[in-house]
Amino acid sequence: MQSPLFRRALAEAVLVGGLCGAVGVHVVLRRLAFFAQTAAHAAFPGVVAASLLGVSLLAGGAAGSLALVGVTAGIGSVRRLGHATATGIALAGAFAVGVLMLTTQPGSSKDLEAFLVGSVLTITPADLAATLVAGVILLFLLFLANKSCWSRPSTR
């Protein structure tokens with residue numbers, strides 16, 4: 001516990017673990033676990049595209065995830081396909097596009113693999129502050145989303 005590196009890593013793990021628990025409850029109760037996994041993996045082609053274009057990897061990942069939400073909604077609007085099928089198609093397609101883009105650029109795969117997998121020991125004080133701010137915003141949004149549930153009369 002003497003190392004600031006270890007203390008930051010521990011603080012980040014505790015913060016992220018608590019936030020994932022709070023979000024995970026809502027994801028599971030709404031039966032969106034597969035969709036949440038798909039949205040997270042959809043960041044991969046966005047990160048690869050951002051790397052190739054030389055723009056922010058975070059912005060690329062966010063754009064990739066948002067694009068996948070649109071694609072999933074579009075595929076899911078076909079009446080014969082269920083939402084799980086649409087999500088599976090979008091997941092496989094997004095990951096395939098990411099791998100294809102990655103293989104076109106020799107030498108960039110190691111950098112992107114490090115970004116996607118990450119290391120808790122490389123957490124900076126700025127990363128810790130960003131996690132804290134994002135966590136407060138997330139918890140506030142979860143509170144607002146569930147506030148309507150609290151005002152409903154009990155059916156018991």
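Please read these numbers as outputs of a predicted model, since none were measured by experiment.
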Side chains of residues 59-67: which donor-acceptor partners sit under 3.5 Å, not counting sequence neighbours?
residue, atom, partner, partner atom, Å
S65, OG, A39, O, 2.8
S65, OG, G61, O, 3.2

- [ ] Would you give the length of the straight line joining atom CG of L5 to atom OG1 of T124, rounded to the nearest 0.5 angstrom?
- [x] 11.0 Å

TODO: Find out if a path of hydrophobic residues (ILVMFWY) with successive side-chain heavy-atom gaps under 4.5 Å connects V136 to L144.
DONE: no

Task: Hydrophobic cluster membership, V16 vs V23, 4.5 Å side-chain cutoff - done: no

TODO: Please step through side chain to side chain contact (heavy atoms under 4.5 Å, CB included) for the pair V97 and V48, ending with a clear verdict.
DONE: CA-CA 9 Å; V97 167; V48 173; over 6 Å; no

Open item on the list: Could you measure the distance from the SG atom of C20 to the CG atom of L138? Nearest 0.5 Å is fine.
Closed with: 9.0 Å

- [ ] May I ask whether L52 and F95 are part of the same hydrophobic cluster, defined by side-chain heavy atoms of I, L, V, M, F, W, Y residues being less than 4.5 angstrom apart, directly or through others?
- [x] yes

TODO: Sequence neighbours left out, what pairs pass side chain to side chain donor-acceptor pair (under 3.5 Å) with at least one residue falling in residues 8-23?
DONE: E12-T131

Open item on the list: Using 0.5 Å steps for rounding, measure from the CG atom of D127 to the CG atom of L132.
Closed with: 12.5 Å

Open item on the list: How close do Q2 and R7 get, counting heavy atoms only, and between which atoms?
Closed with: O-NH1, 3.0 Å

Task: Closest contact, heavy atoms only, S56 versus A50 - done: O-CB, 3.4 Å

TODO: List, by chain and number, the other hydrophobic cluster members for L53, where Ile, Leu, Val, Met, Phe, Trp and Tyr join if side-chain heavy atoms come within less than 4.5 Å, directly or indirectly.
DONE: V55

